[in-house]
Peer 1: 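Next up is a structure, given as structure tokens.
Keep in mind that this is a model prediction, so the values were computed, not measured.
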Amino acid sequence: MTGTELALQLGDDALIAAQRLAEWSARAPSMEEDVALANIALDQLGAARLFLAEVGDEDELAFLRADHEFRNCLLVELPNGPYRGDLDFGWTIAKLLFLSSAQLLRYRTIAAEGGPLAPIAAKVAKESAYHVDHASRWTIRLGDGTPESHDRMAAAVEGLWAYSSEVCDDRAAWLALIEPVLAEATLPRPADGPVRDGGRAGRHTEHLSYLLGEMQVLHRAHPGAQW
Amino acid sequence: MTGTELALQLGDDALIAAQRLAEWSARAPSMEEDVALANIALDQLGAARLFLAEVGDEDELAFLRADHEFRNCLLVELPNGPYRGDLDFGWTIAKLLFLSSAQLLRYRTIAAEGGPLAPIAAKVAKESAYHVDHASRWTIRLGDGTPESHDRMAAAVEGLWAYSSEVCDDRAAWLALIEPVLAEATLPRPADGPVRDGGRAGRHTEHLSYLLGEMQVLHRAHPGAQW
Amino acid sequence: RTAEETFEAVIAADQKVEPRDWMPDAYRKGLIRQIAQHAHSEIIGMQPEGNWITRAPSLKRKAILLAKVQDEAGHGLYLYAAAETLGISRDELVDALLTGRQKYSSIFNYPTLTWADMGAIGWLVDGAAIVNQVPICRCSYGPYARAMIRICKEESFHQRQGYEILYTLSNGTAAQHEMAQESINRWWYPSLAMFGPPDADSTHSAQSMAWKIKRHSNDELRQRFVDMCVPQAEVLGLTIPDPELRWNEERGHHDYTSPDFEELMRVVKGDGPCNAERMAHRRRAHTDGAWVRAAAEAYAAKHDGSDR
Amino acid sequence: RTAEETFEAVIAADQKVEPRDWMPDAYRKGLIRQIAQHAHSEIIGMQPEGNWITRAPSLKRKAILLAKVQDEAGHGLYLYAAAETLGISRDELVDALLTGRQKYSSIFNYPTLTWADMGAIGWLVDGAAIVNQVPICRCSYGPYARAMIRICKEESFHQRQGYEILYTLSNGTAAQHEMAQESINRWWYPSLAMFGPPDADSTHSAQSMAWKIKRHSNDELRQRFVDMCVPQAEVLGLTIPDPELRWNEERGHHDYTSPDFEELMRVVKGDGPCNAERMAHRRRAHTDGAWVRAAAEAYAAKHDGSDR
């Protein structure tokens, strides 16, 4: 993988994740969680800007590419629930757990390898550790909370599992982070079945073009304008 | 009101109503209703095209205006439920009842007055009569169905009542159509309170810019292209 | 003559079996399975195209697409009605779909990613469907044959509309042309797979042929489809994404690369890109509509079954 | 000295009343009402701006807006905590909001229709809030005064960001300039109305002044705001939509047209353009989150109140 491709993957993962998290604005289950989700969205957006700026103009990349030009994994573009328009907190937490664990691993590897992206990766890895911690705590609380929350969290983990292999480079290391969390959450670890991927090659789900349509609408309506 | 303004009002009401109805595609409560809602959406879209073509190029008008340039009443741009992303059948039926009754009255008046829009109005009035009938039957079935459906239908009528005065020219005539339906549906006729309007002057709700963002995204992405 | 002899005679004479006629149990079950799968495909097939109605790039195209998706709902209704003549209720069939006991065409488990997919689905998917279905218009079971006549007429209309979308895109801007080609690239092999596994691996076929439910083998129909598409692609100015595609003078047909039948089997088993979403969508619509259907029933019961 | 004398002495000496100090019941109740209304306003106020986060036109602006809305949630949290020091729980206050027994600032019942509204809300709405709130930093109740110091610091940061959005738009393309002006046209009078009814009609004020909760009259603050905005509008190159606006040499202030206080009263009573939606949104978030809060409580109870 070229450095450009890697920066796009990391930047697009973070950007699309930030956009989905931002949909929770003023709709979280508690005010504290409104603050926390916004915080994580801001971290993701910040990381996206750093990585994209390594490759080109951050706004051109964010606002003027078509969906097949994005290199994010499918996981991040999925809605905040099994269905478009849903806001399911358990689903969002499972997405965050899967993503942030993968980000933490990728960032640490890149930082250790010392290439051109290493300084950025070292910086954002610290934030990822907080995201992993936040998602893990909620996974455990929901999994080991009420029967309803257990079932909802289990359904989210099950429903998203097929998307989890595309998210990381080193699946064994990723599983080593995830499995203890699921165990403490009293959640079954889903069986590995068929995999949903294609995002790294620009083959996305039907969801991404809707997300981009909303994200890009204003920027595209005023070509060349400054904001 | 100028003829242009009138054609825009009628065209935009029908266009935005069609767009909202189209959101039901493959999601209606029954297959018969999938067919029926698509049918009504098609009628509305057909009416929109006829009225807009009187004023300019239908596609330029539909795809290249900003929200404040649209002249539809607020009722039609509201989502298919109390909340963005909702698909509430009772809410959709109440919207259709209010709109189609107003359209029927306006179309008949315009047809009778014999101005330049009269031939179009005479044609689409026939379709409106079917829409009124369809919405009335469902209002009655839901209002006089189960306790749950009664409450949902009553909440829809109540929640939309403030938007109903902008939709018509002759409120007395409109009420004369609506009140018997509500009575047969065993639904309370809401009290007239403060009114929500502004759409005819281009002052819309927060919903319209989202609707247009989605509707216009592809057309705007390819300036000047033919489809 | 026994009922069975009468049935065999009707089949042999190319006449129609009608609902009240005696028929073998396997004939009845096989037909129910086939008609139901066809009906389910119409209903699930509304989703990939429904995905672009709100974003259609012109009002004319929006109207055409809305009408097309509406036709699919209508086809679903005819077909469920045809299946009902065999003694099974629509509710049972819908339940079989929602619980995954019955299948729908795997083609609808691929996503629609661009507007050009509305063209490719019309041209290739509806085109393949027509090749499959035209012979069914002569099927031995009367209600199915009659439903298919009506459906095929509308499908060929849809196919022309899809072709026209692609033609416009192919002759439009460079971006539009590219969009059309990219779409064909994605839909070509899944469309070929619509004819089912190669004859050698096909189950059900022999008996279906004997009963005149099916009249041509999978590979015969697939070949017919390829031969039909090649000249049309030339007129479109689009390239079929098969480097092996060429005219074989000797056979009088085009040679072509077979689709990946292992992929087909994976998608049939539920592992296509959109299987989970398509089923979740259908179940959600069914569940969300339950209160409405309950209200309609309650109203009808209160008012002596009369509808107002 | 009696407790009451001590309280009066603290007020007179411009010192702070603290949670454990004795205070008159009306002082406590009035403060609860005011702090709660302020807290509710921060929470409801997230919605109109939240409406543009997903559509912000650059990544930098998206980050700034996300951070701003997050700050509002944070302000809500400080303020509920300040109110709790007066012996009422956050749950009770949230319930009072959701059932409509307590109000929030009426300004948030207007829709955000364009991106420029993110500028106008920052410049005008946050500007008016700051003019209202700076004196509260010297309020006699310690926890409220300290919360306000922190909040005002962040608000003035937000105001500068809003101003900068408008400055960029005003100096951008013609369409951007027009968008900025149209937004100011909509937000000017509602912002003036944020200072409340004219002094002649204002309730609560005299006692609040005596207790040093409030330190200036509504009209004084409104005048201060107008005088502050006029030169800023000039730098922005935008026109305040008031043909009567002019400098009055004699008064040493600008004359201006009062906002429509009847409209204000209608919006306060619940008849603004977005009252129903804002409340429905808040209730929906609260209801949808119930299972999550219940799970967190159940988990904490199982694990001895420890959080993991």
Peer 1: Hey, does the Lys NZ or Arg CZ of A/Arg27 hover above the aromatic six-ring of A/Trp24, less than 6.0 Å from the centre and inside 45° of the axis?
Peer 2: no

Peer 1: Counting heavy-atom pairs under 4.5 Å to chain D, which of A/Glu23, A/His150, A/Arg20, A/Glu58 comes out on top?
Peer 2: A/Glu58

Peer 1: Would you mind checking which part of A/Phe63 comes under 4.5 Å of any heavy atom in chain D, side chain (CB onward), backbone (N, CA, C, O), both or neither?
Peer 2: side chain

Peer 1: So what's closer than 4.5 Å to chain D heavy atoms on A/Leu42: side chain, backbone, both or neither?
Peer 2: both

Peer 1: Taking side chain as C-beta onward, heavy atoms only, is A/Thr92 less than 4.5 Å from A/Leu21?
Peer 2: yes

Peer 1: If you take the centroid of each ring, where Trp contributes its six-membered ring, are A/Trp174 and A/Trp161 closer together than 6.0 Å?
Peer 2: yes

Peer 1: Please look at A/Val217 and chain D and tell me whether the side chain, the backbone, both or neither of the residue comes under 4.5 angstrom of a heavy atom of that chain.
Peer 2: side chain

Peer 1: Within the structure provided, determine whether D/Arg282 and D/Gln47 are in side-chain contact (heavy-atom separation under 4.5 Å).
Peer 2: yes

Peer 1: When heavy-atom pairs shorter than 4.5 Å are enumerated against chain A, which of D/Glu49, D/His286, D/Gln176, D/Glu72 gives the highest number?
Peer 2: D/Gln176

Peer 1: Need one label for D/Ala290: side chain, backbone, both or neither, based on atoms under 4.5 Å from any heavy atom in chain A.
Peer 2: neither

Peer 1: So, are A/Asp88 and A/Arg152 salt-bridged, with charged N and O less than 4.0 Å apart?
Peer 2: yes

Peer 1: Looking at side-chain heavy atoms only, is the closest gap between D/Gln102 and D/Arg33 below 4.5 Å?
Peer 2: no

Peer 1: Using non-hydrogen atoms only, which part of A/Ala28 is less than 4.5 Å away from chain D: side chain, backbone, both, or neither?
Peer 2: backbone

Peer 1: Identify which part of D/Arg284 has an atom lying under 4.5 Å from any heavy atom of chain A, answering side chain, backbone, both or neither.
Peer 2: neither

Peer 1: Please flag which part of A/Leu15 lies under 4.5 Å from any non-hydrogen atom of chain D: side chain, backbone, both or neither.
Peer 2: side chain

Peer 1: Can a salt bridge be assigned to the pair A/Asp13 and A/Arg200 using a cut-off of 4.0 Å between side-chain N and carboxylate O?
Peer 2: yes

Peer 1: Just give me the residue among A/Met31, A/Met153, A/Met215, A/Glu148 that pairs up with chain D most often, heavy atom to heavy atom, under 4.5 Å.
Peer 2: A/Met31

Peer 1: Under 3.5 Å, is there a donor on one side chain and an acceptor on the other for D/His303 and A/Asp144?
Peer 2: yes

Peer 1: Going by distance alone, is a donor N or O of one side chain under 3.5 Å from an acceptor N or O of the other, for A/His219 and A/Asp59?
Peer 2: no

Peer 1: Heavy-atom distance under 4.5 Å to chain A: side chain of D/Thr54, backbone, both or neither?
Peer 2: both

Peer 1: So what's closer than 4.5 Å to chain A heavy atoms on D/Leu169: side chain, backbone, both or neither?
Peer 2: side chain

Peer 1: Is the positively charged end of A/Arg65 above the ring of A/Phe70, judged by distance under 6.0 angstrom from the centroid and angle within 45° of the axis?
Peer 2: yes

Peer 1: Give, as side chain, backbone, both or neither, the part of D/Arg61 having an atom under 4.5 angstrom from any heavy atom of chain A.
Peer 2: side chain

Peer 1: With only heavy atoms counted, which part of A/Gln216 is less than 4.5 Å from chain D, the side chain, the backbone, both or neither?
Peer 2: neither

Peer 1: Over 60° means perpendicular and under 30° means parallel, so classify the ring planes of A/His134 and A/Trp138, tilted if in between.
Peer 2: perpendicular

Peer 1: Relative to chain A, which segment of D/Met179 carries a heavy atom at a distance below 4.5 Å: side chain, backbone, both, or neither?
Peer 2: side chain

Peer 1: Among D/Ala285, D/Gly289, D/Gly50, D/Ala295, which has the most heavy-atom pairs under 4.5 Å with chain A?
Peer 2: D/Ala295

Peer 1: Name the option with the most non-hydrogen atom pairs under 4.5 Å to chain A; the candidates are D/Ala56, D/Gly76, D/Ser58.
Peer 2: D/Ser58

Peer 1: Among D/Val94, D/Leu59, D/Thr287, single out the residue with the greatest number of heavy-atom pairs under 4.5 Å to chain A.
Peer 2: D/Leu59

Peer 1: What part of A/Ala41 gets closer than 4.5 Å to chain D, counting heavy atoms only: side chain, backbone, both or neither?
Peer 2: both

Peer 1: Could you tell me which portion of D/Val69 (side chain, backbone, both or neither) has an atom closer than 4.5 angstrom to a non-hydrogen atom of chain A?
Peer 2: side chain

Peer 1: Here's one to test your reading of the geometry: is the NZ or CZ of D/Arg278 within 45 degrees of the ring axis of D/Tyr104 and under 6.0 Å from its centre?
Peer 2: no

